[in-house]
> 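Okay, handing you the structure first.
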Amino acid sequence: MHHANHYYGHSHVLARYCGLDDEDPPRIQGYLQHGWNIGDGLAPDHEFTPGVPKFVWSERVRRRAWALGRREVYVTGAPWAYLVAMEPEPAGPREGTIFYPFHGWEGQHILGDHDVLIDEIRDTETGPVTICLYWQEFGDKKVRQRYERAGFRVICHGYRGGQWKDLDGAFLYRQLAEQRRHSRVASNRLCSAVFYGALAGCEPAVYGDPMRLEGEKSAFGGQARIEREWAPMHGKRVDVEAARAIAVQELGADRLLPPAELRRVFGWPMPRSVEDAELTGVLAR
C-alpha cells in the first residue's frame with residue numbers, strides 16, 4: 001500500500017509488536033496516519049482510493065475523519081505509543097532540553113528568523129540544549145551552523161524514507177533514546193515530537209515564533225485553532241500531568257490493540273512460530 005506507511009520506520013515498529021520481521025515488514029493493507037495533525041489524520045496532498053481502510057492514532061481523529069466524509073476509519077494508536085510500551089525506561093538521570101524547531105518538507109521550505117528563536121531558547125532553558133533539525137534543515141549548512149555557533153548540540157534523527165526507498169527502521173528508536181536523555185522537550189509549534197516527548201516522560205513546552213511554510217494555508221483552522229484548542233500544551237512551563245494526559249489521548253496510547261487484532265486489521269499474517277504451533281496442534285489431533 002502507500003509508501004507513507006513506512007515513514008519514520010512506523011511499519012517496522014508495528015511489525016515487531018506483531019511478532020513479524022521488523023527488518024522487512026509486510027505492507028499495511030490501508031493508509032496509516034504518519035504524523036499528528038488537526039484534520040483527519042491523513043496527508044492532504046495524498047490521493048486515497050475509496051473503500052481502502054484508514055488507520056488513525058486516536059478517537060478524536062477518527063471522529064474528525066468521519067465528519068469529513070471518510071469511511072472505513074479505524075483507531076490503532078500511534079506507532080510511537082507501541083514503541084514506548086515495548087522499550088523499557090533506561091536507568092540514569094535526564095538532563096536538559098531537546099528542542100525541535102518547526103521544519104519544512106520536500107515541497108515547502110520554512111520561513112522565519114532562526115536567530116530570534118535561538119535568543120528565546122537561550123533566555124528560557126537553564127540546562128544543556130540539544131537542537132534536533134529535520135533532515136532538510138540539517139543539510140542546510142547555514143541553518144545548522146546558526147545553532148552550532150549558539151553553543152547548542154545539533155543532531156538529526158535521520159531521513160524518514162519515501163517511495164519505498166531509504167527506509168529506516170531505527171528512526172523512532174533513535175528519537176526515543178534521545179528524548180529519554182532529556183528532562184524537557186520543546187518546539188516553537190505543537191507537533192508530533194512534543195507529544196512523543198510528553199509520552200516518553202519529558203516535560204513539554206511550546207513557545208517562540210511559530211514560523212511558517214512557504215505558501216502555507218490554514219487548513220482546518222490552522223495555527224490559531226491549535227493554540228486555542230490545545231492551549232494547555234503551550235507555554236514555557238505547562239502542567240505536566242495535564243499535558244501527558246493530552247498526549248495519551250492524541251497518540252491513542254490508551255487504545256493500543258493486541259498483536260493478533262492489529263495483524264487482523266492490517267491484513268498481516270500470523271508469526272511463523274504461531275503458525276507452526278497451530279499446525280502442530282492440528283497434526284496432534
Side-chain angles (χ1 to χ4, degrees), residues 7-8 34-39 43-45 95-160 171 174-175 178-179 181-198 202-238 243 247 250:
Y7 282 174
Y8 309 109
H34 68 261
W36 181 79
N37 69 40
I38 62 172
D45 61 328
E95 184 182 26
T97 299
I98 183 167
F99 196 102
Y100 293 84
F102 180 60
H103 64 79
W105 62 290
E106 293 86 333
Q108 290 174 295
H109 290 275
I110 202 73
L111 300 174
D113 192 329
H114 289 279
D115 292 327
V116 170
L117 181 59
I118 286 169
D119 288 341
E120 188 152 9
I121 294 171
R122 279 174 161 169
D123 291 342
T124 303
E125 305 302 333
T126 57
V129 174
T130 296
I131 299 294
C132 184
L133 297 175
Y134 189 61
W135 71 268
Q136 189 166 272
E137 280 75 28
F138 188 81
D140 185 328
K141 188 176 180 179
K142 291 182 179 179
V143 173
R144 188 177 70 250
Q145 288 186 339
R146 283 183 179 181
Y147 291 97
E148 291 173 340
R149 285 196 296 267
F152 300 144
R153 172 176 173 252
V154 181
I155 65 169
C156 177
H157 291 321
Y159 180 60
R160 70 180 184 181
F171 187 103
R174 287 194 298 274
Q175 185 168 12
E178 281 290 344
Q179 290 195 347
R181 291 178 54 179
H182 296 82
S183 57
R184 279 170 54 87
V185 61
S187 178
N188 52 330
R189 277 207 197 193
L190 186 58
C191 58
S192 300
V194 173
F195 287 117
Y196 287 179
C202 298
E203 174 192 347
V206 179
Y207 65 88
D209 177 6
M211 301 187 178
R212 61 188 178 88
L213 293 169
E214 291 178 320
E216 182 174 349
K217 298 179 181 178
S218 297
F220 305 113
Q223 183 64 16
R225 178 186 161 210
I226 291 173
E227 294 176 5
R228 181 177 68 252
E229 189 166 335
W230 287 272
M233 301 295 296
H234 289 76
K236 296 180 179 181
R237 292 290 185 272
V238 303
E250 294 295 330

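Note that this is a predicted model, so its numbers are computed, not measured. Hydrogens, waters and symmetry mates are skipped; everything else that's a heavy atom, side chains included, is used.
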> Report yes or no: do H34 and Y8 form a side-chain donor-acceptor pair below 3.5 Å?
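Side chains of H34 and Y8: no pair found under 3.5 Å.
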
> Please round to the nearest 0.5 Å and tell me the distance separating atom NE2 of H114 and atom CG of D140.
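These two atoms lie 8.0 Å from each other.
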
> Can you find a heavy atom in the side chain of Y100 that is under 4.5 Å from one in the side chain of Q175?
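Touching, per the 4.5 Å side-chain cut-off.
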
> According to ring pair (Phe, Tyr, Trp, His ring centres under 6.0 Å), who are the partners of F99, at least two apart in sequence or on a separate chain?
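Ring pair (Phe, Tyr, Trp, His ring centres under 6.0 Å) check on F99 returns Y207.
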
> Can you name the ring pair (Phe, Tyr, Trp, His ring centres under 6.0 Å) partners of W230, sequence neighbours left out?
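W36.
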
> Can you tell me if R184 uses its side chain to pair, donor with acceptor, with the backbone of E125 under 3.5 Å?
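No: the side chain of R184 does not pair with the backbone of E125.
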
> Does any part of the side chain of T97, heavy atoms only, come nearer than 4.5 Å to the side chain of I121, both counted from C-beta?
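Heavy-atom side-chain distance check fails, nothing below 4.5 Å.
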
> Would a 4.5 Å heavy-atom cut-off, applied to side chains only, mark H234 and I226 as touching?
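Contact flag for H234/I226 side chains = yes.
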
> Please report the shortest heavy-atom distance between V206 and L190, naming the atom on each side.
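The answer is CG1-N, 3.7 Å.
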
> Can you see which heavy atom on P204 is nearest to which on V194, and at what distance?
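Closest approach of P204 to V194, heavy atoms only: CB-CG1, 3.9 Å.
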
> Report yes if some heavy atom in the side chain of M211 is under 4.5 Å from a heavy atom in the side chain of R189; otherwise report no.
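M211 vs R189: side chains apart.
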
> What's the separation between atom CD1 in I155 and atom CD in E178, rounded to the nearest 0.5 Å?
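Going from the CD1 atom of I155 to the CD atom of E178 covers 3.5 Å.
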
> Would a 4.5 Å heavy-atom cut-off, applied to side chains only, mark D209 and F102 as touching?
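Answer no - side chains too far apart.
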
> For the NZ atom of K236 and the OG1 atom of T124, what is their distance to the nearest 0.5 Å?
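The OG1 atom of T124 is 3.5 Å from NZ of K236, to the nearest 0.5 Å.
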
> Applying side chain to side chain contact (heavy atoms under 4.5 Å, CB included) between T130 and each of H182, Q179, E95, report the one that passes.
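Filter result, single survivor: H182.
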
> Can you tell me how far CD of Q136 sits from SG of C156, rounded to the nearest 0.5 angstrom?
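Rounded to the nearest 0.5 Å, the SG-CD separation comes to 11.0 Å.
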
> To the nearest 0.5 Å, what is the distance between CZ on R228 and CD on Q223?
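R228 CZ to Q223 CD: 11.0 Å, rounded to 0.5 Å.
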
> Considering non-hydrogen atoms only, spot the tightest contact between A243 and V238 and give its length.
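Nearest pair, atom of A243 first, then V238: CB-CG2, 4.2 Å.
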
> Restricting to non-hydrogen atoms, name the atom on A150 and the atom on I118 that form the minimum distance, rounded to 0.1 Å.
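Distance-wise, the nearest heavy atoms are CB-CG2, 3.6 Å.
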
> So R153 and P128, do their side chains get closer than 4.5 Å, heavy atoms only?
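They are not in side-chain contact.
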
> Determine the minimum heavy-atom distance between R174 and G158, stating which atoms define it.
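The answer is NH2-CA, 3.9 Å.
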
> Heavy atoms only: give me the nearest G208-E120 pair and the separation to one decimal.
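Taking G208 first and E120 second, the nearest heavy atoms are CA-OE1, 3.4 Å.
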
> Within the structure provided, determine whether P101 and L133 are in side-chain contact (heavy-atom separation under 4.5 Å).
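In short, these two side chains touch, coming nearer than 4.5 Å.
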
> Atom OH in Y159, atom CH2 in W135: separation rounded to 0.5 Å?
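It is 5.5 Å, given to the nearest 0.5 Å.
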
